[in-house]
Structures are given as structure tokens and as C-alpha cells.
Amino acid sequence: MERATAAWRVAREVAAAQPVYGRTTGVGANRVVDVEWEDADAHGLRLLRSHAAGAGPLVAPEIVRAMLTVRLNQIAAGGSGVDPGVLQALADVLNLGLLPPVPVYGAIGTGDLTALASTALCLLGERAWLGGGADGGTAAGPGFTLRSADALAFISSNAATLGEAALAVTDLRELLDASIVAAALSLFAVRGSEEPYSPAVQEACPHPGQQRVADAMRTLLAYDQPTPARIQDPYGYRAFPQVHGPALEAAAYAEDTITREINARAENPLVDVAGRTVWHNGNFHTAYVGLALDSVRAALFQTMALSAARLGTLAEPSFTGLYPFQGATEASSGIMILEYVAHSALADVRRLATPAALGSAVLSRGVEEHAGFSTQSARATTDALGAYRIGLGCELVAAVRALRMQGRAPAGGPLRAAFDMASGVLDERVEDRPLDTDIASAADLLPRLARALRQATAPPGTTPSQDGPAVPRRFAAHDPQQP
């Protein structure tokens, strides 16, 4: 509150002495047009009304909540110059479970103007909030008078894009960890070789992500030392660290990038309290976020392709020792359809992996001549993760079913715990029947498998978090000094 208040005071002082974009001028190509003092009170309201024009279906509620949280945090950083009273208003909205209506279409990575203009109109009472009541309908919500001069400062943010990106990368890290458990169960089911994960192999090509995957596989398989059925396995097993490792590294880079953005004073104009001035700048551009998420989806496709390949081996008698497709009889279809489902999901991930950054746009009479489309990258990442979850669920169903039909189970440790967890959820019947419920149950189980892996691989002196990678104990509880 103190930071926001200081920035608000400086913004007013500077705007009284010199032109400030959006406060004393129009926006976009209208930046050269001064706002006359007698029109100042109406200027901001016109801006909000004209920009609250998104289209299409509404964004998912959890993404809208993330947007409100991110924008609150950004304003609290003290660079926007918005009236500090908006902090409590946004906190009240979140605590009451209220949501502004935010349509999907309206942003291209250079500011979520339509989403935040809609939010501002809700704060002003011109537009009804959604939710907050037992019937999930509209609500009046807390009243707040947003000053006209603060209108542009409030909406000049990528909070919706960053909120969705933060949720997506959190889900991503969870699914990538769960993938390692599923791969280990598949390897155990096909009596695969552990040689590709040996320290000597990893030290020979020491990529950090690759090494982490191999270390985790060794931890999961430590209680079993089966004789491998083949001198060398297919790529789905042999090259798993080399393909899954880049996905881990891409996810870690994306998480760092998004964390930096949501805790930044990325405002335009930026209010400099210490220098008692404002700076017109380009920090609103989220090229870093969009490119990081584009990289994530490319890596995700690569590792999902290996999951689909492993699923193929689990349908093969030469790998499982069972009937084709793990059928109850030689003529049964068994898990045949799982491959179709997995490749259908894989096709969507491949489609969604197209880099959003390959597009651009020239807008506002040519003065805004570039866009990174990080908004579209975040949305594509959310959708790709939904498809990835289905494909990975198919592999988990097949691996657990193979082990049950073989009458085998891991000897102990985290892999046995994961197998028992899955066995307690998945239907044990092997006769031909619909497998849609099995896929859904396996997909729902993935977060628990990820937590099991984190607990097994957490370094000494750390506590695995419930929703992320292992974190040092001193940061496990809330620390006001940490962003």
C-alpha cells in the first residue's frame, strides 16, 4: 500500500507538470492528442468503455482469478501510479469470489486491455460481476471510484496472459514429473534395460534436465534389478532422458520467466518514485513469456511422442509376453483403442505446438507495429496440456494393466507406491469393455504420481511442495521477503 501510494502521488505530480501518456494524452495513435483539462474527468471513462469490447466465450474462472491476483500484485509493486484504493477493492473481489466477464478474444500479447477494461467497469458499477452468489449469477460487488487519470494505468497490463501462463506452467511441471513415473512403470512392464540411465552415460553428456530424468528413473527402479529382455530398447525407453530432459528445462525457464514478470513493475508509463518522474517504455511487451511457452509446447510434443511410442510397445506380445493388445483372449481388442486415443491427443499437441511468435500485427495506425501473441501462446499451452494429460493417462492404464496381467509388481519404494496408487483406482477387469472411465481415472491420478516422485527425489534438507518442485524448507512456509 505504501509503494502504491507513493507511486500514485508522483504520477499526479508529474502529470501536472508535463505530458504523461494516457493521463494527459490519448492512447495508441492518439498519443499526440492532448486531453484538455475540462475533458479530463470524462477521458478515462471513455477509454474504459471503448476498450471493454472483447468477444467470444468467457475465459475459465480460474484464469480470471489469476488475472485479478496478478494485477493486484503488479499494482502493489508501485510502478503503475493507480489509486492505491484499488488494491483493497481487488482483494475484496477475490475474497468474495467475484469475476468480471472476460471474453477469450481481445489481446495479442501487448496488454490485456479488453479484460482489464471490463474489470474496471465492474469496479465502477457499470458492469455486473459474475459469481459470488449461491446461484452463480451476477452480483453488484464492492464499489470503487477509479479516477479518470488512472484508467490507462489500470488496464495497461498483461495480467490475464500472465495468470494463464502461471497456471499452465504449474500444471506442466506436475505432468512432466508424472510422466517419469509412467515411463518407469512402462519400462518395468516390458522388462526394459536400465543401462540408458546409468551415471556413466549421463556424465558423458551432462545436460541438467537429462540428468534429472535419469536420476529419477534410477530412484524409481532402485528396488528392482530385473534382467533386461533385450540388449537395447526402443527410443521410448532408451532416449527418454534425452527427450524428456529438454521439456523439464523448458518448463523451468518458463517458470522463471513468468515469475519474474508477475513480480515486476512492468508498467507503461513507469512511475519512478525515487527519481520523481515517469518513463515511457516497452516493458508491456511479453515476448519473453510467449517465446518461453512456444518452446515448452515444442518440447512437450517431443516427449509425448515417446509416451505414445511406449504405449505401442505395451500392446506388443514380444514386449509384454501377453496376448496382442493385452487382450483377455488372442482375438480380443483389449487396449487397442488406447493408441488411437493417444495419437488423437498427440495430433492436437502437434497442432498447438506451432509457435505463436511466428505471427505479428501492425495496429493503431501503424504506431504499434509488433505483437508477440503471448496471449495465444498461453492459451495454446493450456489446451496442449489438456491433450497431453489424456495421452499420458493412456500410457498409465496400459502399463498398470500389463503388470497386473503378468502377475508382477515393483518390489518396493516409490514405484511400488505409484503402482499401488494406480491399482487402487483403475478397474482390474481385462475383458473387452469401454476404457473411457479408465483413461479419465488415470488422468486424474497424475498429480498424485507427481507428488510421489517429488517426495522420493527431494534432496536432503528440502520439503516437496504440494504443487511444485521441491523447495528449501526455509521457503516452504510463507515468507514475506519472497515474491
Side-chain angles (χ1 to χ4, degrees), residues 28 54-57 59-60 63 67 102-115 156-169 171-173 175-176 209 243-262 264 266 268 281-306 308 343-388 391:
V59 170
I63 295 172
M67 174 194 76
V102 177
V104 166
Y105 300 111
I108 54 175
T110 55
D112 295 314
L113 304 176
T114 59
S156 184
S157 159
N158 292 284
T161 298
L162 295 175
E164 179 164 12
L167 294 175
V169 80
D171 288 345
L172 170 68
R173 294 290 294 267
L175 287 173
L176 293 180
V243 176
H244 200 66
L248 292 183
E249 293 189 30
Y253 174 72
E255 184 173 316
D256 287 346
T257 300
I258 295 161
T259 299
R260 190 174 298 114
E261 286 275 355
I262 64 178
N268 179 48
N281 68 90
N283 277 343
F284 59 84
H285 200 299
T286 48
Y288 272 103
V289 173
L291 289 168
L293 293 177
D294 283 353
S295 177
V296 157
R297 294 194 309 285
L300 192 68
F301 169 74
Q302 292 288 320
T303 197
M304 187 177 178
L306 281 197
H343 279 274
S344 176
L346 179 63
D348 260 12
V349 175
R350 180 172 60 245
R351 171 179 62 83
L352 292 162
T354 302
L358 293 181
S360 191
V362 178
L363 306 170
S364 197
R365 300 175 62 193
V367 302
E368 296 175 358
E369 75 281 23
H370 187 269
F373 291 97
S374 60
T375 307
Q376 285 65 36
S377 189
R379 189 179 308 142
T381 304
T382 297
D383 293 344
L385 289 173
Y388 183 85

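As the structure is a computational prediction, the values presented were derived from the model and not from experiment.
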Which residue is it: Asn158, Thr286, Thr161, Thr110? I am looking for the one with a side chain to side chain donor-acceptor pair (under 3.5 Å) to Ser374. Thr286
With sequence neighbours excluded, residues passing side chain to side chain contact (heavy atoms under 4.5 Å, CB included) with [X]:
X: Arg350; value: Phe301, Ala347
X: Glu249; value: His207, Pro208
X: Ala160; value: Met67, Asp112, Ala115
X: Leu167; value: Glu62, Ile63, Ala66

If the test is side chain to side chain contact (heavy atoms under 4.5 Å, CB included), which one of Leu352, Leu172, Leu176, Leu346 qualifies with Tyr388? Leu176
Run the salt bridge (Lys or Arg N to Asp or Glu O under 4.0 Å) test against Arg351 and tell me which residues pass, sequence neighbours left out. Asp348
Check side-chain hydrogen bond (donor to acceptor under 3.5 Å, both in side chains) between Ser156 and all other residues, then give those that pass, not counting sequence neighbours. none
Report the residues that fulfil side-chain hydrogen bond (donor to acceptor under 3.5 Å, both in side chains) with Glu164, sequence neighbours left out, ordered by chain and then residue number. Thr382
Heavy-atom check, side chain of Ile258 versus side chain of Leu293, under 4.5 Å: yes
Is Leu385 close to Leu300 at the side-chain level, that is, under 4.5 Å between some pair of heavy atoms? yes
Would you say [X]'s side chain and [Y]'s backbone share a donor-acceptor pair under 3.5 angstrom?
X: Glu261; Y: Ala159; answer: no
X: Asn281; Y: Asn268; answer: no
X: Ser295; Y: Leu291; answer: no

Counting only heavy atoms not in Tyr288, do more than 12 sit closer than 6.0 Å to its OH atom? no
Residue pair [X] / [Y]: nearest heavy atoms and the distance that separates them:
X: Ser377; Y: Gly290; value: OG-O, 3.2 Å
X: Pro103; Y: Gly56; value: CB-O, 3.8 Å
X: Ala292; Y: Thr257; value: CB-OG1, 4.4 Å
X: Ala345; Y: Ala387; value: CB-O, 3.3 Å
X: Ala168; Y: Thr381; value: CB-CG2, 4.0 Å
X: Phe373; Y: Ala356; value: O-CB, 3.5 Å

According to the salt bridge (Lys or Arg N to Asp or Glu O under 4.0 Å) rule, which pairs have a member within residues 373-382, sequence neighbours left out? none
Summary of salt bridge (Lys or Arg N to Asp or Glu O under 4.0 Å) pairs that have at least one residue in residues 283-294, sequence neighbours excluded: Asp294-Arg297
Could you list the residues that satisfy ring-ring contact (aromatic ring centres under 6.0 Å, His included) with His285, not counting sequence neighbours? His370
dist Thr259:OG1 -> Leu162:CG (nearest 0.5 Å) comes out at 10.5 Å
